[in-house]
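Just so it is clear, the model here is predicted, and its values are computed rather than measured.
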Amino acid sequence: MSACVPTRATDPSDSNPTRRVHPPHSPPPAPPRRFRIAGADVSASIAVFLIALPLSLGIALATGAPLQAGLVAAAVGGIVAGRLGGSPLQVSGPAAGLTVVTADLIHRYGWRTTCAITVLAGVVQLGLGCLRVARTALAVSPAIVHGMLAGIGVTIAVAQLHIVLGGTPQSSVLDNLRGLPAQLARLQPAAVSVSVLTLALLFLWPRIPGRAGQLLCRIPTSLVAVAGATAAASFAGLTLPRVDLPSWSSHALAGLPEGPLLGLAAAVLTTTLVCSVQSLLGAVAVDKLVAGRPDLISGVPGSGRSARVGRSDLNRELLGQGAANIVSGTLGGLPVAGVAVRSSANVQAGAVSRNSTVLHGVLVVIAALLMVPVLEFIPLASLAALVMAVGIQMVSLHHIRTVTRHREVPVYAVTTLGVVLFGVLEGVTLGVAVAVGVALHRLTRTRITHHEREGVHHVHVRGQLTFLAVPRLSRALHLIPHGADAVVELDGSFMDHAAYESLQDWQKTHTAQGGSVELTGRRPGTRIAEPSDSAHCRCRPWTPWRNHQCERPYTASSAGHPGASGEPGAARGPSAGRGSSGHELARGISAFQRNTAPIVRGELARLAREGQQPDQLFLTCADSRLVTSMITSSGPGDLFVVRNVGNLVPLPGEESGDDSVAAAIEYAVDVLKVRSITVCGHSGCGAMQALLNSEPGGTRTPLQRWLRHGLPSLERMADETRARARLAGRAPADAVEQLCLTNVVQQLEHLSTHESVARALREGELELHGMYFHVGEAQAYLLTGAAGGGLFGHVEAAADLPA
């Protein structure tokens, strides 16, 4: 009997009941996605692999571990941390920041116990990730982190210097420094020559000039340095210690930890701390790099396109690093952490997903299995020189300048010296103690001065007002006679309850006795006036008056207008607020005097002494929505600004009846010697709209007479033989925007016909720029090609990854 049954595929109701029915009026289900690797990820993984291979061997050499351990850590960091971590483009592996920690562990406990400590550190990282405490690690002062890295860098450089000279390093920095004179007396010329060649290639390769240099610099510098030194040593027949990779069958794996329990716990804590902090800070830095890649961030707002690479999930990153350390330690590898150099190379090489990191780990596995004969040609002196250069770079001048600017040099110096002299955990502990001491010192160090000038008593409080400063504050306030005028300037950002009560009680008493009190220099958080006092505006600079949240509705008596509404709950809309009080300007000036003036007073005093010396003439529209110093991030003395309706530049010689624009141009170029002139248009320009709607003839109002200087822009836009000005990424939204763009290009041509401008252009002393600001999108565009109509391109934000 046949087992076949007729099928009725034409009737959907008779299909398999377990089959999911596609709901009506919905898009069809997406087909199952196949695993694909983008070409950008493949090329990025190769670039990262070429950097990781020599560095992994060099770091293993610097720690005293088996050289295979560096390759194991690089492979596991790429595959495990790359696949499971929360920062898709961060590359993990053996890091130079862990060199001193690992070398000390190997010296104390041996290699197999060090691997077990790595496993336990990974377990602790998994626990911390599950507790979701990753953000807490970012609370560590940057001065401590930079000091720790600098101390590790000094330790690495001093130790590797012995190998560079042909010797063997000692176990501590002091021993290495004491043994350096003897090592110099018996240096090995072959090792020194190979090391010098490696360092020379590291320094000179990125500085090759011209187009050839741009092409050659795509090859990783570390690979070029090690490969060049290896080839030179082989051709010269130098007898040197070289890389020795024993058979993988004899590779040592993790064993049971042996040693005092307290010492092992401290070792696990140190390894966990250094691995976690370095990885989490690296993930944050990678986010900054990703923000500078337009192809990795979201598309046009509102388009529905999601970001290809999102922000790092720090807790997931900690879980991924923990899993990688467990696997690496179990397989006999070095501790794993995020590596800044490789992560930066990964982003800059164009990686678009975590596949590049994983693929780089796969390439390391292939190299470790198939390239052993080639790797054994590398001289140890070349690897030592490479790692020594990395250690020197860890003492960053940029970091030193940063901690100096923030007055944290003691924290940085103590941490660095502590790591060099005692060890990583001890150095970080000392740094934390000093950081806490500095913070307490700043909190309690308050200077209070009193002086009288022209009958007004001034009390200046520098620092934070806490209960510890209340006695000194009270003594200074009681020096002010009853009924006198007093100004109390609070130059700090914090005031506790005791200081608040003391200052408020004195203010009320002094005012009741007929005196006056003015509080100045206060920042948000130090307000002591009553909330109903609308004169004390705490809104931030650049906040429009209509959005101020510190104003109270004015009654008829307070506004000074008999007809004003006295309703206490009257709404204050944009027009209502303007019509009911009319005091926005006075309140704004008062807020400036109180909040902003103390900050800029020193800079304005310098400008008053030296006179104005702007580098830029900025010619833009009179539109109230264009705040020039805000959109250019400029301050006092930076811009010489000329504003008029439509950002127009009348041609020289025309009877315009107004020479103010030409006079400003002549003064800026001939007297102020500006180096650049920018003509800035904007979206929704009312002048351009009026120009489009203008009709010939009729009454010639002052506005119409002025707008005739924009007629050449209108003619230029209508000329079909000219290429139209355009925006990068999209076409102009309408005719008004097209005219706004065209007007910028046309006014630049008008500008170049002025005698002073033409002369400065011929002499190479002046540059002209065009700019367009889209008000609704808060997006600035710069003119990149005036010839042929002009292309206005995006001005993107830049980010970099610290070393």
Side-chain angles (χ1 to χ4, degrees), residues 291-307 539-549 572-578 584 588 616 618-634 639 641-648 678-694 703 707 710 713-714 716-717 724-748 769-785 789-798:
R293 286 266 307 274
D295 58 316
L296 294 180
I297 58 179
S298 300
V300 179
S303 65
R305 290 176 56 191
S306 59
C539 293
R540 295 178 299 172
W542 311 121
T543 304
W545 290 335
R546 61 180 292 178
N547 293 334
H548 281 198
Q549 303 300 318
R572 288 180 55 82
S575 57
R578 186 178 297 114
E584 290 91 349
Q616 172 88 231
F618 199 82
L619 197 152
T620 188
C621 186
D623 193 289
S624 61
R625 297 167 295 180
L626 264 70
V627 185
T628 56
S629 54
M630 180 175 68
I631 65 177
T632 59
S633 295
S634 56
L639 299 181
V641 182
V642 175
R643 306 184 70 142
N644 61 52
V645 175
N647 48 274
L648 300 177
T678 298
V679 176
C680 177
H682 68 96
S683 62
C685 181
M688 297 300 103
Q689 181 69 61
L691 199 57
L692 278 174
N693 298 335
S694 62
L703 177 61
L707 288 181
S713 301
L714 198 60
R716 185 188 189 101
M717 187 179 75
R724 292 197 166 192
R726 61 198 188 281
L727 288 169
R730 67 174 178 86
D734 50 27
V736 175
E737 186 168 58
Q738 180 67 70
L739 183 56
C740 292
L741 298 172
T742 305
N743 183 58
V744 172
V745 179
Q746 185 64 39
Q747 300 311 315
L748 285 173
H769 302 285
M771 178 177 168
Y772 177 75
F773 185 73
H774 195 290
V775 177
E777 297 175 358
Q779 175 66 56
Y781 299 83
L782 281 178
L783 183 63
T784 58
L791 173 65
F792 289 82
H794 281 277
V795 179
E796 300 292 350

Any Leu748 side-chain heavy atom under 4.5 Å of Leu783 side chain: yes

side-chain hydrogen bond (donor to acceptor under 3.5 Å, both in side chains) partners of Thr620, counting only residues at least two apart: none

Residues that Asn743 engages under side-chain hydrogen bond (donor to acceptor under 3.5 Å, both in side chains), provided they are two or more places apart: Ser713, Gln747

With sequence neighbours excluded, residues passing side-chain hydrogen bond (donor to acceptor under 3.5 Å, both in side chains) with His769: Ser676, Glu767

For Pro732 against Leu741, the heavy-atom pair lying closest together: CG-CD1, 3.9 Å

Which residues share a side-chain contact (heavy atoms from CB on, under 4.5 Å) with Leu692, sequence neighbours left out: Leu714, Met717, Ala735, Val736, Leu739

Those residues that, when tested against Arg625, pass salt bridge (charged side-chain N to carboxylate O under 4.0 Å, His left out) (two or more places apart): Asp623

Minimum heavy-atom distance Val645-Ala622, with the two atoms named: N-CB, 4.3 Å

Distance in Å, Thr678 OG1 paired with Leu639 CG, rounded so as to fall on 0.5 Å steps: 8.5 Å

Check: residues 770-778 side-chain donor-acceptor pairs under 3.5 Å, at least two apart:
from, atom 1, to, atom 2, distance (Å)
Tyr772, OH, Glu737, OE2, 2.7
His774, ND1, Gly776, N, 3.4
His774, ND1, Glu777, N, 3.1

Close side-chain approach of Thr628 and Arg643, heavy atoms under 4.5 Å: yes

Note, Asn647 side chain near Phe618 side chain (heavy atom, < 4.5 Å): no

side-chain hydrogen bond (donor to acceptor under 3.5 Å, both in side chains) involving Ser683 - partner list, sequence neighbours excluded: none

Heavy-atom closest contact (Cys740 atom, Cys685 atom, distance): SG-CB, 3.7 Å

Flag side-chain contact, heavy atom, 4.5 Å: Leu707 against Ser694: no

Which atom of Gln738 lies closest to which atom of Thr742, heavy atoms considered: O-OG1, 2.8 Å

